[in-house]
Amino acid sequence: MRVLDVMQNSRLSIINFHGIGSPKRVLEEGEAPYWISEQQYRQFLDLIVPVKDKTIITFDDGNLSDLEIGAKELGERQLTATFFPLAGRLESEGSLGRSHLLELLHLGHRIGNHGYDHVSWKNLDDAGAQKELVDARSQLEDSIGEKITEAAIPFGQYGKNTLERLKAAGYERAYSSDGGSYRGKPFPTPRWSVRADTSQQDVENFLAGHESVARRMRRSLAKAKKQML
Ligand SMILES: [Zn+2]
């Protein structure tokens with residue numbers, strides 16, 4: 001609840017993780033650069049702690065490392081996150097299962113929908129949209145016994161049509177991977193994905209971004225006021 005309240009009116013940095021440590025399943029083509037080491041993950045979280053009220057953490061793809069490493073380290077720092085698993089991977093090797101999702105909820109985290117087959121949502125036909133946006137969500141909702149209101153768009157690929165379909169399906173928010181700070185518009189809600197080549201300095205710069213934007217806004221407001229006088 002707190003997160004949604006905060007998101008109504010704040011400028012936030014939203015940081016997105018995929019896999020941590022060693023994968024326990026065969027990776028998709030192009031996926032490896034999105035897996036980070038445990039050490040990187042701990043360092044990045046330590047940078048988030050001081051600005052946690054201005055930061056949202058998300059995880060895509062429903063890897064087992066979400067729980068085994070992700071949630072464990074979050075808990076030690078009293079941080080929470082939103083996890084976006086794939087309905088089509090539930091219970092499969094190296095991915096989260098139903099009991100894991102329930103455990104994440106129990107630990108105070110949130111669950112959203114990342115679709116069924118991990119396909120692009122950019123040019124979905126009606127049947128594809130039904131499967132990815134509606135059926136996948138129903139399956140995840142049945143697994144956790146709670147309503148799901150948020151989606152994370154696979155590969156950050158979307159068009160105007162994707163956002164319209166998400167709204168029509170009843171979602172309240174759709175996360176993209178566009179980078180930059182969140183300014184209160186839920187469709188899409190921009191995130192920044194960390195990668196294996198992401199440095200601590202990169203994370204610091206990203207987390208500081210909302211502050212410098214705020215400063216810029218204050219400066220231009222002050223200037224506009226001056227001109228009005
Ligand atoms: Zn994904």
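Start at 1 and go down the list; that is how both ligands and their atoms are numbered. As the structure is a computational prediction, the values presented were derived from the model and not from experiment.
- Judged by the 6.0 Å distance and 45° axis criteria, R137 is positioned over the aromatic ring of Y171.
- With a cut-off of 2.8 Å, the Zn ion (ligand 1) has no N, O or S atom of H18 in range.
- The aromatic rings of Y41 and F59 sit perpendicular, their planes meeting at an angle over 60°, well past the 30° parallel limit.
- Between P188 and L163, the closest side-chain pair of non-hydrogen atoms falls below 4.5 Å.
- R98 and S143 share no side-chain donor-acceptor pair at under 3.5 Å.
- Angle OD1 (D61) to the Zn ion (ligand 1) to NE2 (H114): 90°, rounded to 10°.
- Under 2.8 Å from the Zn ion (ligand 1) lies no N/O/S atom of D60, from backbone or side chain alike.
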